[in-house]
Student: 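One structure, pasted below without further comment.
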Amino acid sequence: MKVRVLLFTVSLFVTAFVLAQNSSQLKVHESPIYVDKIKTDSIQSIYTSSNGNTGVIRNSKKELVFEIYDKKLFRTLSSLEKKERKEEYMGDVFYNDVIQVFTDDFPERDERVLSSYSVDFQNNTTKKRQLVSLEVAKGINLISNKKGAKLTVSPDKKSVAAVNYIIHRGDLFYDIVVFDANTFEVQYIKQFSRKENQFFEMFDIIIDNDQNIFITGESYYNPELPKRKSKDIHYFVVEKIAENEYKELKFGVTEGQYIKTLKAFMFEDRFDLYGFYSDKNRDKMKGTCHFSINTEKLEVKSQHFEEFTLDVYQGLFGEHRGERKKGMELSNFEINHVLRDSQNNVYITAEEYYTTNTPSMDPGPMGTQMGASSEVKHYDDVLVIKFKSDGGIDWGRNVLKRDFQHSYNVFLKNDQLHLILNSGKNLRELNDGRTKISKGIFESSALYALIYSVDGEVSIEKIQDNKDNTYYLPNQGYYSERGFIMISKSNKERRFMVLE
């Protein structure tokens, strides 16, 4: 497979808005530089409204920061909200040109308060409202084994669900609140528990237009040994929860098969789960799996397992080695994104993630000695898989890269998958025709777009050579009708880039 490398430059103007365009498929806009006086750098989300304004949400230990920028990316609002002593950021959702930021607070040991900050793009305002107060078991938030919170919006944008879960002493406690998305009137509250242990892993939460909530997860619970991670009992769970209904689907895989994780995807009347399977163990991957769920009967309607196609191995190892490696199980890939195009084709991307320990050398009176080791995180190759409507593989591609942070993002434009990431300034083509997308130790970096056609052909476009205040963060970017927007990394002088 031949890879085309295209280069285009960004012309800078002294005035507000910057535009660069040539033969590339993407137009590039950069905002003017602005001084960032806010020390909080934990960016949670970036959104773009229908009128072209941009909102940024940041979270730190003691405060939340809300910012709005106009069409030309001039800042028009910067609001800092101090959090209550035990108030925690829960998540945020975006609909109807308003960002809703949810927080969780425990003012008393037996009380949970759910609140929302509304960041309105049209009126350039923020507003906090207390949504509901729930009674919980005293002190359960402090002594629980495992806890989490997730938000989800219905496809018709009329309902929002906030789901909190806590695992404590052999029970999984759910606090579920469903709101009207416009008025925030509580539609229903559901608090219940079921037997579970701390090894339960929650994957996804989805709400449909009828306010049914679907929770997917993985369980190792054995009632005979409730506190242990069972070696013999392992299954996946889909829970359907409504105001007056609870159903539970448990399903496993064929003996000798393993699945590490499943990602849920709902579209119209379809509820699908995508993942990777192995014949060896949960950390390996032999191919892809797809489950289609009947949401009315809550049963598995169909399932499809398929080994990785030859193009996956040839992308990772080269043409000839790939043929020899066909059927070998891969390791350490984590699913990051699931997307659907206008023809209902589904794409997933997964990144190779693993850690190593590097010992440090400490000088001492007896000479240099081995010190404590430090953990190094690796974010390497990326798999791109396109599925057919029946859940089988249409094609698979690879991004050969090496990195020490999660740094890429993807979006669909005109039914072409775009993968945006930073890498070395000069990409290296291997002898077998593949392109290695990585950065040398002393090499400067550049921003790239990898564009995949519906048939799997890929072109690589260099967007820019990075400089001090123009190193952008694709993994924190957001795609809307306007394009893909991301913010620069600098802690003092920042700017935005928009790819159209």
Side-chain angles (χ1 to χ4, degrees), residues 16-19 27-38 40-60 63-83 89-103 114-131 151-162 179-185 207 409 411-413 420 472-488 494-500:
F17 211 66
V18 184
L19 169 67
K27 296 179 181 179
V28 181
H29 300 270
E30 285 191 292
S31 75
I33 296 173
Y34 70 93
V35 177
D36 191 355
K37 297 180 180 180
I38 299 173
T40 302
D41 195 44
S42 179
I43 296 174
Q44 300 295 327
S45 304
I46 299 176
Y47 298 104
T48 302
S49 67
S50 59
N51 63 0
N53 291 343
T54 296
V56 178
I57 306 299
R58 305 196 219 180
N59 174 47
S60 69
E63 57 203 20
L64 291 164
V65 180
F66 311 126
E67 297 173 301
I68 297 179
Y69 299 79
D70 64 17
K71 294 179 183 179
K72 294 186 177 181
L73 296 170
F74 283 105
R75 185 165 50 192
T76 59
L77 173 71
S78 181
S79 175
L80 188 149
E81 300 283 345
K82 290 192 177 296
K83 294 190 289 189
Y89 167 85
M90 181 178 175
D92 54 71
V93 291
F94 178 63
Y95 57 90
N96 300 336
D97 285 347
V98 177
I99 305 174
Q100 303 292 352
V101 180
F102 286 76
T103 62
L114 191 63
S115 301
S116 171
Y117 298 81
S118 297
V119 185
D120 191 328
F121 282 59
Q122 302 292 343
N123 301 316
N124 240 29
T125 59
T126 63
K127 178 183 178 180
K128 181 180 181 180
R129 58 165 67 87
Q130 181 177 315
L131 301 176
L151 300 171
T152 179
V153 182
S154 62
D156 61 6
K157 312 296 185 187
K158 294 182 179 180
S159 302
V160 179
F179 304 95
D180 181 287
N182 295 309
T183 65
F184 279 93
E185 180 181 351
I207 185 172
N409 210 331
F411 60 89
L412 283 165
K413 177 185 177 185
I420 312 297
Y472 293 95
L473 304 171
N475 60 306
Q476 295 181 349
Y478 174 76
Y479 182 73
S480 67
E481 292 181 357
R482 180 182 183 182
F484 182 76
I485 186 168
M486 49 192 163
I487 196 169
S488 63
R494 288 189 182 273
R495 64 196 313 176
F496 290 91
M497 175 181 282
V498 181
L499 303 178
E500 292 182 353

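Residues take their numbers from the sequence shown, with the count starting at 1.
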Student: Do N51 and S49 have side-chain N/O donor and acceptor atoms under 3.5 Å apart?
Tutor: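 Result is yes, a qualifying pair exists.
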Student: Between OG1 of T103 and CD of E81, what distance do you get to the nearest 0.5 Å?
Tutor: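 If I round to the nearest 0.5 Å, the distance is 10.5 Å.
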Student: Just by distance, do the side chain of K413 and the backbone of E500 share a donor-acceptor pair under 3.5 Å?
Tutor: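 The answer is yes, because a donor-acceptor pair under 3.5 Å joins these two groups.
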Student: Does the side chain of S116 come within less than 4.5 Å of K128's, by heavy atoms?
Tutor: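 Contact flag for K128/S116 side chains = no.
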Student: Test your reading of the model: is there a side-chain donor-acceptor pair from S154 to the backbone of K158, 3.5 Å cut-off?
Tutor: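 Judged by distance alone, yes, a pair lies under 3.5 Å.
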Student: Provide the closest heavy-atom pair for Y95 versus K157 in the form atom of the first, atom of the second, distance.
Tutor: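 Residues Y95 and K157, closest heavy atoms: CB-CD, 3.9 Å.
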Student: Just do the side-chain contact (heavy atoms from CB on, under 4.5 Å) check on V28 and L499 with the steps written out, would you?
Tutor: CA-CA 5 Å; V28 181; L499 303 178; 3.8 Å; yes
Student: Roughly how far, to the nearest 0.5 Å, is CG of L473 from CG of N409?
Tutor: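 Between atom CG of N409 and atom CG of L473 there are 11.0 Å.
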Student: Is K127 close to D120 at the side-chain level, that is, under 4.5 Å between some pair of heavy atoms?
Tutor: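 No, their side chains stay 4.5 Å or more apart.
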Student: Less than 4.5 Å apart, any side-chain heavy atom of Q100 and any of F179?
Tutor: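 No. Closest side-chain heavy atoms not under 4.5 Å.
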Student: So, taking the atom named CG in L77 and the one named OG1 in T125, what distance separates them when rounded to the nearest 0.5 Å?
Tutor: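 Output value for this atom pair is 8.0 Å.
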Student: Applying ring pair (Phe, Tyr, Trp, His ring centres under 6.0 Å), run through F484 and Y479 and close with a yes or a no.
Tutor: CA-CA 4 Å; F484 182 76; Y479 182 73; 7.2 Å; no
Student: Nearest heavy-atom pair of A161 and I207: which atoms, and what distance?
Tutor: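 Smallest interatomic distance, heavy atoms only, reads CB-CD1, 3.9 Å.
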Student: Hey, are the side chains of V119 and V98 touching, using non-hydrogen atoms and a 4.5 Å cut-off?
Tutor: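 They are not in contact (no side-chain heavy atoms under 4.5 Å apart), so the answer is no.
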Student: Can K83 and E63 be counted as an ion pair, charged N to O under 4.0 angstrom?
Tutor: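 Looking at E63 together with K83, the answer is no, because their closest N to O distance does not fall below 4.0 Å.
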Student: Testing Y47, F94, F66 for ring-ring contact (aromatic ring centres under 6.0 Å, His included) with F121, which one passes?
Tutor: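 Testing each of Y47, F94, F66 against F121, the sole residue satisfying ring-ring contact (aromatic ring centres under 6.0 Å, His included) is F94.
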Student: Could you give the distance from OH (Y89) to CD1 (I57), rounded to the nearest 0.5 Å?
Tutor: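 Rounded to the nearest 0.5 Å, the OH-CD1 separation comes out at 7.5 Å.
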Student: Just by modelled atom types, is the N59 backbone N or O under 3.5 Å from a matching donor or acceptor in the S42 side chain?
Tutor: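 Judged by distance alone, yes, a pair lies under 3.5 Å.
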Student: Would the distance check show the side chain of D70 and the main-chain N or O of F74 forming a donor-acceptor pair, the cut-off being under 3.5 Å?
Tutor: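 Checking the backbone N and O of F74 against the side chain of D70, a donor-acceptor pair under 3.5 Å is found.
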Student: Can you tell me how far OG of S159 sits from CG of N182, rounded to the nearest 0.5 angstrom?
Tutor: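 Between N182 CG and S159 OG, I get 9.5 Å after rounding to 0.5 Å.
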Student: Ignoring hydrogens, what is the shortest heavy-atom contact between R482 and L73? Give both atom names and the distance.
Tutor: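 The pair with the smallest heavy-atom distance is NH1-CD2, 4.2 Å.
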Student: Checking side-chain contact (heavy atoms from CB on, under 4.5 Å) for the pair S50/Q122: CA distance, chi angles, key distance, verdict?
Tutor: CA-CA 10 Å; S50 59; Q122 302 292 343; 4.3 Å; yes
Student: Got L64 and R58 here, is their nearest side-chain heavy-atom distance under 4.5 Å?
Tutor: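 No, too far: nothing below the 4.5 Å cut-off.
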Student: For the residue pair M486 and I420, establish whether any side-chain heavy-atom pair is separated by less than 4.5 Å.
Tutor: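 They are in contact (side-chain heavy atoms under 4.5 Å apart), so the answer is yes.
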Student: Tell me whether N124 contacts the main-chain N or O of T76 through its side chain, where contact means a donor paired with an acceptor under 3.5 Å.
Tutor: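 Between the backbone of T76 and the side chain of N124 there is a qualifying donor-acceptor contact (under 3.5 Å).
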Student: Mind checking the NZ-OG1 spacing from K72 to T54? Nearest 0.5 Å is all I need.
Tutor: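 Result: 14.5 Å between the selected atoms.
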Student: Report yes if the side chains of F496 and E30 come closer than 4.5 Å at any heavy-atom pair, otherwise no.
Tutor: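 The answer is no, as the side chains (C-beta and beyond) never meet within the 4.5 Å cut-off.
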Student: Could you check whether R495 pairs with D36 (Lys NZ or Arg NE/NH1/NH2 to Asp/Glu carboxylate O, under 4.0 Å)?
Tutor: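 Looking at D36 together with R495, the answer is no, because their closest N to O distance does not fall below 4.0 Å.
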Student: Can you confirm whether or not the ring centre of Y69 sits under 6.0 Å from the ring centre of Y34?
Tutor: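 Distance test on ring centres: under 6.0 Å, yes.
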Student: Taking the side chain as everything from C-beta on, heavy atoms only, tell me whether M90 gets closer than 4.5 Å to L151.
Tutor: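 Of all side-chain heavy-atom pairs linking L151 with M90, at least one is under 4.5 Å.
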Student: Run V160 and F184 through side-chain contact (heavy atoms from CB on, under 4.5 Å) and show every step you take.
Tutor: CA-CA 8 Å; V160 179; F184 279 93; 5.5 Å; no
Student: For the side chain of S115 and the backbone of Q130, is there at least one donor-acceptor N/O pair under 3.5 Å apart?
Tutor: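 Not at all, since once roles are kept as given, no pair shorter than 3.5 Å links the two residues.
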Student: Could you walk me through whether Y117 and T126 pass the side-chain contact (heavy atoms from CB on, under 4.5 Å) check?
Tutor: CA-CA 7 Å; Y117 298 81; T126 63; 6.0 Å; no
